[in-house]
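Below: one structure, written as structure tokens.
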2 protein chains.
Amino acid sequence: MARTLQARIAEGLWKIGEALPTEQELCAEFGVSRHTTREALRVLAEAGLVRRRQGSGTEVIADTPPALYRHQMRSLSELLDYAADTRLELVPAEGDPLELAPEGLTLAPGPGPWLAVEGVRRTLAGGAINFTRIWLPAAYASILPEFEGGARSVYDLIERRFRVRVAEVAQEMTGATLCPRSARALGRDAADPAILLLRSYLDAEARPVLVSASWHPADTFSYSMRLQRDDTAGM
Amino acid sequence: MARTLQARIAEGLWKIGEALPTEQELCAEFGVSRHTTREALRVLAEAGLVRRRQGSGTEVIADTPPALYRHQMRSLSELLDYAADTRLELVPAEGDPLELAPEGLTLAPGPGPWLAVEGVRRTLAGGAINFTRIWLPAAYASILPEFEGGARSVYDLIERRFRVRVAEVAQEMTGATLCPRSARALGRDAADPAILLLRSYLDAEARPVLVSASWHPADTFSYSMRLQRDDTAGM
DNA sequence: TCGGCAAAGTTGTCCGGACATATTCTAACG
DNA sequence: CGTTAGAATATGTCCGGACAACTTTGCCGA
């Protein structure tokens with residue numbers, strides 16, 4: 001039954017934004033109980049094709065199942081293979097925070113001014129991994145003294161102290177060269193090739209909670225991920 | 001009820017690998033109908049905490065909900081921002097396929113020999129994006145004449161022709177330099193910095209369907225992704 | 001001892017009903 | 001004409017039951 005309904009949606013019998021027949025009408029058409037109809041609609045909702053609202057009805061929100069491949073991880077520390085045993089020591093960045101942003105990074109003018117801090121992420125043995133610069137709303141500045149660079153990350157600390165919640169992370173990698181500042185911090189040449197990794201941590205309303213940039217020397221950069229195919233259960 | 005059961009699993013009342021009480025026993029303990037019990041177990045199964053098997057019972061497979069953050073995409077072409085308007089022309093690679101594998105890429109000895117093909121991916125305007133080398137089991141060689149480099153990708157073609165299904169993609173990016181072969185193809189210097197992207201397309205039994213490596217000049221490399229937090233529905 | 005078969009146990013699917021809750025519509029009232 | 005209270009409508013949650021499908025177990029016969 002779910003397959004039949006999906007086929008109908010796919011061929012446009014009900015278009016996106018339109019309402020599906022009510023549960024009772026579907027029961028009558030297919031000659032099944034409400035339980036069976038609800039199960040079919042549940043599958044469609046889980047596949048992201050319809051949205052159900054109590055009292056209002058069932059609306060089509062997509063005509064093809066989205067998200068065929070997914071990459072999932074327990075925590076953001078798995079985003080890069082930052083082993084848990086790395087340290088980051090942060091100091092205030094010199095200069096205008098907005099001027100320090102690399103090309104490609106736009107700091108949306110938030111409710112208040114931005115604050116920039118920076119430092120080198122190292123293994124416990126002391127080897128440099130990257131040079132990181134973090135921008136955060138100045139309202140969150142009070143967490144910085146608490147940050148020891150150990151287990152917790154800056155965004156995690158902000159989430160706990162300020163009752164905000166990161167809902168989405170946008171990440172971009174580009175090829176670049178080390179800028180003078182990062183080259184100095186890493187003990188390398190400013191012209192050395194590097195991978196620049198930009199990240200924006202956004203809350204549910206897409207307001208930035210934290211923005212970061214990290215420069216990785218190209219010869220030590222590594223990133224891996226596994227994507228699993230999602231067989232839109234039940235259909 | 002689902003929350004209660006999850007709490008019990010989290011505190012180790014039932015350990016990973018053990019069986020939960022049967023539906024009937026849970027009904028008796030909570031004083032609810034089987035319908036309600038099944039709904040709670042369904043939520044746990046959806047969260048990835050238990051696995052249910054008809055006739056056998058319900059087994060604990062994790063004590064904390066996995067996958068807090070997920071990255072999902074409609075198709076693998078979104079893996080890299082290969083706009084749809086790129087072309088890849090492949091020719092057989094010279095030499096022993098196994099010898100051509102870059103460091104870090106292991107070609108598992110499959111049921112038969114490997115075949116290697118290679119080429120340059122370009123925009124329709126002709127600009128070079130990367131140099132790609134693809135290894136595939138020689139049994140799939142017959143699809144190569146069909147590959148025009150247009151809309152379809154090689155793995156898609158193999159899926160359609162040979163009734164195999166890619167279940168998982170493992171991807172790794174590392175900093176590197178262009179090798180002599182790729183430098184020649186791209187018209188650059190072999191010492192130029194590059195990002196080497198290795199991908200393995202695996203079927204459900206983790207057998208490789210296709211393996212690829214692509215060398216991207218660092219100054220034109222770009223990759224972006226968005227991760228969404230997943231609030232383990234219903235709990 | 002081993003294989004096969006039946007029985008018991010467990011989850012999957014389906015039925016029909018009842019009430020709760022959220023939304024939308026409508027008609028009466030100010 | 002605008003507002004509001006209530007009715008109608010829709011989905012959410014729950015009950016109790018029946019049978020099907022699959023797995024495991026144990027008994028029995030070869």
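All values reported here derive from a predicted model rather than from experimental measurement.
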Whole-Å gap separating C1' (D:dT11) and CG (A:L26) |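 The answer, rounded to whole Å, is 13 Å.
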
Round to a whole Å and report the spacing from CD of A:E59 to P of C:dT23.
->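 Roughly 14 Å, once rounded to whole Å.
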
Nearest non-hydrogen partners of B:F147 and B:L88, listed with the distance =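 Residues B:F147 and B:L88, closest heavy atoms: CE2-O, 3.4 Å.
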
Taking all heavy atoms of B:L44 and all of B:A2, pick out the closest pair and write down the distance.
->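 Looking at all heavy atoms of both residues, the closest pair is CD2-O, 3.8 Å.
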
Any Lys/Arg nitrogen of B:E29 or B:R8 sitting under 4.0 Å from an Asp/Glu carboxylate oxygen of the other?
->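 Result for this pair is yes, salt bridge flagged.
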
Could you label the plane-to-plane angle of the A:Y140 and A:F162 rings as parallel, tilted or perpendicular, counting under 30° as parallel and over 60° as perpendicular?
->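 Tilted.
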
Scan nucleotides 3-15 of chain C nucleotide by nucleotide, 5' to 3', and note B when protein non-hydrogen atoms come under 4.0 Å of the base, S if they reach only the sugar-phosphate, - if neither.
-> ------BBBBBBB

Checking side chain to side chain donor-acceptor pair (under 3.5 Å) against B:E59, which of B:R52, B:R51, B:R53 comes through?
->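 Passing option: B:R51.
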
